[in-house]
Amino acid sequence: MTTLRIIDTETTSLEGGVCEIASVDIIDGVICNPMSDYVKPPEPISIAAMALHHITEADVADAPPIDAVIDRYLGADVYVAHNARFDRSKLPQITAPWICTMKLSRKLWPELESHGNQFMRYHLGVNANVPEGLHAHRALYDCYVTAAVLIEINRHARFTIAQMREISSLPSLLHAIRFGKHKGETFEKIGATDQKYVRWCLENMDLDEDQRFTFQHYLKRPGG
């Protein structure tokens, strides 16, 4: 029996360390085994991060370091996260395979204006059955939402675990650009009408893996 462990972290900043970790399991299609821990981070929590997840220095003042709690989160067959690249980078102790629900969502519904966790929750109309007292951008809350989104994705696609792992391991082809003078336009349109801009972005911008892959894809099209 395969255990899918949906895991989420809250951090001191995008580049900073973990200040909260949580998980739920999916076993035979049932969400179960919730776990959650505050973590003492290696640096102060930024104000921007506090404004998002509402975890304060007082909350983590007496919390253990990540190395003291991570063992109880290990041992699952496969780990799942929304934007798994981020959580995986924060949890190098986890060496099992990962699945990314954001990449699965992009694969199935590339035209959507967003593929964020909450957006997908409401787009798919899923009931996450989140326990009372939790709110968005807290680790355990987001685990419940991601688990519900994954279950709904598989109602649509019937992916195997191997297929989900393969999709999650590859760069995503993005639909619309989120920055610059072409913000809101599709990458396909930009590739067809402004190859100079595509080249400029590839040469001058600090692009993430998916943005670079998408620009390169449309640069290689006929006429590029």
Side-chain angles (χ1 to χ4, degrees), residues 6-11 13-15 48-49 52 78-91 97-126 136-137 142-143 145-224:
I6 291 76
I7 201 159
D8 187 75
T9 58
E10 301 301 333
T11 60
S13 67
L14 286 176
E15 298 79 22
L52 187 67
V78 181
Y79 286 80
V80 181
H82 203 79
N83 192 9
R85 179 170 52 200
F86 178 82
D87 294 286
R88 188 173 190 171
S89 72
K90 303 300 180 183
L91 300 171
W98 285 74
I99 288 169
C100 179
T101 49
M102 184 170 69
K103 289 194 173 187
L104 298 181
S105 299
R106 286 174 176 169
K107 181 75 171 178
L108 290 173
W109 301 284
E111 74 289 348
L112 293 180
E113 61 186 277
S114 172
H115 296 91
N117 210 20
Q118 291 294 330
F119 187 96
M120 294 309 304
R121 172 193 184 178
Y122 291 111
H123 172 74
L124 296 173
V126 299
H137 302 297
D142 290 351
C143 286
V145 172
T146 301
V149 167
L150 179 63
I151 290 170
E152 186 64 20
I153 283 172
N154 277 322
R155 288 198 183 108
H156 285 265
R158 301 295 181 186
F159 286 133
T160 66
I161 289 176
Q163 287 171 327
M164 290 191 289
R165 287 179 55 189
E166 180 178 13
I167 293 167
S168 300
S169 70
L170 299 173
S172 295
L173 192 64
L174 304 177
H175 181 64
I177 194 166
R178 308 295 184 197
F179 56 81
K181 67 177 184 179
H182 290 296
K183 183 177 180 180
E185 297 180 32
T186 66
F187 280 95
E188 183 175 17
K189 179 181 177 182
I190 297 165
T193 62
D194 197 347
Q195 286 278 310
K196 183 178 179 181
Y197 180 73
V198 172
R199 291 191 182 92
W200 184 90
C201 288
L202 284 168
E203 292 170 1
N204 296 280
M205 294 194 69
D206 184 18
L207 303 170
D208 67 28
E209 175 188 53
D210 299 322
Q211 292 165 343
R212 182 166 295 279
F213 173 76
T214 303
F215 274 127
Q216 288 172 338
H217 173 83
Y218 287 110
L219 188 64
K220 294 175 182 176
R221 294 173 72 86

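We count residues from 1, following the sequence as given.
Tyr197 is linked by a ring-ring contact (aromatic ring centres under 6.0 Å, His included) to His182, counting only residues two or more places apart in sequence or in another chain. Applying the salt bridge (Lys or Arg N to Asp or Glu O under 4.0 Å) criterion to Asp194, with sequence neighbours excluded, gives Lys181. Take Lys196 and apply the salt bridge (Lys or Arg N to Asp or Glu O under 4.0 Å) test, not counting sequence neighbours, and it matches no residue.
In this pair, Tyr79 and Trp98 present their aromatic rings tilted. The plane angle is within the 30 to 60° band.
Nearest heavy atom pair, residue Ala49 against residue Thr11, reads CB-O, 3.6 Å. Of all heavy-atom pairs between His137 and Leu52, the closest is CB-O, 3.5 Å. Between Cys100 and Ala84, the shortest heavy-atom contact is SG-N, 3.4 Å. The shortest heavy-atom contact between Ser114 and Arg178 is N-NH2, 3.9 Å. Nearest approach of Pro171 to Lys103, heavy atoms of both residues: CA-NZ, 3.9 Å. Of all heavy-atom pairs spanning Val198 and Gly191, the tightest one is CG2-CA, 4.2 Å.
For Lys107, the NZ atom sits in a loose shell: 12 or fewer heavy atoms of surrounding residues, nucleotides or ligands are nearer than 6.0 Å. When the shell of 6.0 Å around CD of Gln163 is examined, it contains more than 12 heavy atoms from other residues, nucleotides or ligands. Environment of CD in Glu113: sparse, with no more than 12 heavy atoms of neighbouring residues, nucleotides or ligands closer than 6.0 Å.
In this structure, Asp8 contributes its side chain and Cys143 its backbone to no donor-acceptor pair below 3.5 Å. Between the side chain of His156 and the main chain of Leu124, no donor-acceptor pair closer than 3.5 Å is present. Judged by distance alone, with hydrogens and angles left aside, the side-chain atoms of Ser168 form no donor-acceptor pair with the main-chain N or O of Ile99 at under 3.5 Å. The backbone N or O of Asp208 lies less than 3.5 Å from a partner atom in the side chain of Gln211, making a donor-acceptor pair.
Contact annotation: the side chain of Thr101 never approaches that of His115 to less than 4.5 Å [non-hydrogen atoms, C-beta and beyond]. You'll find the side chain of Phe215 reaches within 4.5 Å of the side chain of Ile177, heavy atoms only. Side-chain contact check for Asn154 versus Leu104: every heavy-atom pair is 4.5 Å or farther apart. Using a 4.5 Å heavy-atom threshold, the side chains of Pro110 and Leu173 count as separate. A heavy-atom distance below 4.5 Å is not found between the side chains of Phe179 and Lys183. Contact check for Thr186 versus Ile190: no side-chain heavy atoms found under the 4.5 Å cut-off.
For the atom pair CD (Gln216) and CG (Leu202), the distance works out to 5.5 Å, reported to the nearest 0.5 Å. Here CD of Glu185 is found 11.0 Å from CZ of Phe187. Values are rounded to the nearest 0.5 Å. The CD1 atom of Ile153 sits 3.5 Å away from atom OG of Ser105, with the distance rounded to the nearest 0.5 Å. Taken from CG in Leu108 to CE in Met120, the straight-line distance is 8.0 Å, to the nearest 0.5 Å. Rounding to the nearest 0.5 Å gives a distance of 9.0 Å between CG of Leu174 and CZ of Phe213. A distance of 3.5 Å separates CG in Asn83 from CE in Met102, rounded to the nearest 0.5 Å.
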Before giving the answer on side chain to side chain contact (heavy atoms under 4.5 Å, CB included), spell out for Glu10 and Asp142 the whole-Å C-alpha distance, their side-chain angles and the decisive distance to 0.1 Å. CA-CA 10 Å; Glu10 301 301 333; Asp142 290 351; 3.5 Å; yes

With side chain to side chain contact (heavy atoms under 4.5 Å, CB included) as the criterion, how do Leu91 and Ile7 come out once you've worked through the C-alpha distance, each side chain's angles and the decisive distance to 0.1 Å? CA-CA 10 Å; Leu91 300 171; Ile7 201 159; 3.9 Å; yes

Could you go step by step and tell me if Glu188 and Tyr218 meet the side chain to side chain contact (heavy atoms under 4.5 Å, CB included) rule? CA-CA 6 Å; Glu188 183 175 17; Tyr218 287 110; 3.7 Å; yes

Give the intermediate values and the outcome of side chain to side chain contact (heavy atoms under 4.5 Å, CB included) for residues Met164 and Ile161. CA-CA 5 Å; Met164 290 191 289; Ile161 289 176; 4.1 Å; yes

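Defined by atom type and a distance below 3.5 Å, a donor-acceptor pair is missing between the side-chain atoms of His82 and Thr146.
A salt bridge between Asp210 and Arg85 is present, with a side-chain N of the basic residue lying under 4.0 Å from a carboxylate O of the acidic one. Taking 4.0 Å as the cut-off between side-chain N and carboxylate O, Arg212 and Glu203 do not count as a salt-bridged pair.
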